[in-house]
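A quick write-up on the structure given underneath.
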Amino acid sequence: MNIIGKRAWEMPEHLATPEHLFFNRRQVLAGLGLAGGMAGGLMPLPLRAEEDPSAGLYPVPRNSSYVLDRELTSEELVSSYNNFYEFGSHKRISAAAQKLPIRPWVLKIDGLCDNPQEIGIDDLLKKMPLEERLYRHRCVEAWSMAVPWSGFALAELVKLASPKAGAKYVRMETFQNPDVATGQKQTWYPWPYVEGMTLAEATNELAFMATGVYGKPLPKQSGAPLRLALPWKYGFKSIKSVVRISFTETRPVSFWEEIAASEYGFWANVNPDVPHPRWSQASEELLGTGERRPTLLFNGYGEQVAGLYAGLENEPLYM
Ligand SMILES: Nc1nc2c(c(=O)[nH]1)N[C@H]1C(S)=C(S)[C@@H](COP(=O)(O)O)O[C@H]1N2
Ligand SMILES: [Mo]
């Protein structure tokens, strides 16, 4: 990919205004012949899989430990403004993402663990204690959302796998299917998308596997049926549509790190004082509100995570 030139995700901020969304939605509806009403008994745009077999599990009880300092971002914006390069290097991938089959969906658990296995998503959902958490979500492009994820603590999945003593890192991988995810035909990207974290980060209370949002199963564009949420790190760490989790002794090289390690490091903790080469991180746009706010160190989660980095001061923790 072209590192120097302008990327699609450097879309000017004004394109994220509510005006643009309204315009875009009207275009979508017009394209379906739905503008001006539901004539002819047409069904609404199926942006959510109505037959998702996990639908009956939601809504799940909210864990009240995670409180926000801002309003939730609207469900419409959360499900229509996405980064998911498998379906295109721009934000409007939600229609294209509907092609992704999410059943059957098998998660492979392997590497340095005592219980390697392949487990179907619906069996996994039955084993995991589902809860809702309100999290801030901060992209390195300097925009943010506030999202009510449903899912389970990643620590629960780690417990199921039972890592061996030598396991130091957790590596996750997204599906690979260029027939449905046409972005994966762009062979200059190092597909499949990979992310990694230390075992200590993975078992921190904040590390969360999201399986739903807004009291429903995750829509495909959000990374159905299983995506990571590491709210103290930049959004690119929060890998979507995970098919494999591996326990490793060596540090995994993540997708964006392989493309440009000096811009998208392994740690990628949110820090207002460490700018990305193209985006100052001093402040962020709260999408859908028109408001900019100063960015918070660790995205405001320092109390839970700062201790993870004691003794690592020589690491590039913030990029
Ligand atoms: N597999 C995969 N996961 C991904 C991405 C991607 O392109 N592919 N984009 C990342 C980036 S840059 C961000 S900001 C978040 C966006 O999540 P959202 O669309 O739910 O807001 O997903 C992350 N996870
Ligand atoms: Mo991002």
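In listed order, ligands and their atoms are each counted from 1.
Atom CD of Glu303 has 12 or fewer heavy atoms from other residues, nucleotides or ligands within 6.0 Å. Heavy-atom neighbours of Glu249 CD from other residues, nucleotides or ligands within 6.0 Å: at or below the threshold of 12. Counting non-hydrogen atoms of neighbouring residues, nucleotides and ligands closer than 6.0 angstrom, the CD atom of Gln117 exceeds 12 such neighbours.
Within ligand 1, counting atoms from 1 as listed, the ones closer than 4.0 Å to a heavy atom of Thr174 are 1 (N). Here is the list of ligand 1 atoms found below 4.0 Å of a heavy atom in Gly235: 10 (C), 11 (C), 13 (C), 14 (S), 15 (C), 22 (O), 23 (C). Near Asn82, with a cut-off below 4.0 Å to any heavy atom, the atoms of ligand 1 are 18 (P), 19 (O), 20 (O).
Residue contact check for ligand 1: Lys237 places no non-hydrogen atom closer than 4.0 Å to it.
Any N or O atom pair closer than 3.5 Å counts here, and Trp256 shares no such pair with ligand 1. When only interatomic distances are considered, the shortest N/O to N/O separation between Tyr85 and ligand 1 falls below 3.5 Å. The distance criterion of under 3.5 Å between nitrogen or oxygen atoms is not met by Trp149 with respect to ligand 1. Checked against a 3.5 angstrom limit, the closest N/O atoms of Arg227 and ligand 1 fall inside it.
Every residue meeting the side chain to side chain contact (heavy atoms under 4.5 Å, CB included) condition with Ala268, not counting sequence neighbours, appears here in chain and number order: Tyr234, Phe236, Lys237. Evaluation of the side chain to side chain contact (heavy atoms under 4.5 Å, CB included) rule for Pro272 yields Thr295, Leu297 as partners, not counting sequence neighbours.
Of all the heavy atoms of Tyr193, the ones lying under 4.0 Å from any atom of ligand 1 belong exclusively to the side chain. With a heavy-atom cut-off of 4.0 Å, Glu141 does not touch ligand 1 at all.
Around atom 24 (N) of ligand 1, the closest heavy atom drawn from Ser238, Pro219, Cys139 belongs to Ser238.
Between the side chains of Arg292 and Ser283, at least one donor N or O sits under 3.5 Å from an acceptor N or O.
Here the closest heavy-atom approach between residue Trp149 and residue Arg227 is recorded as CH2-NH1, 3.1 Å. Between Arg251 and Trp267, the shortest heavy-atom distance links the atoms NH1-NE1, 3.5 Å.
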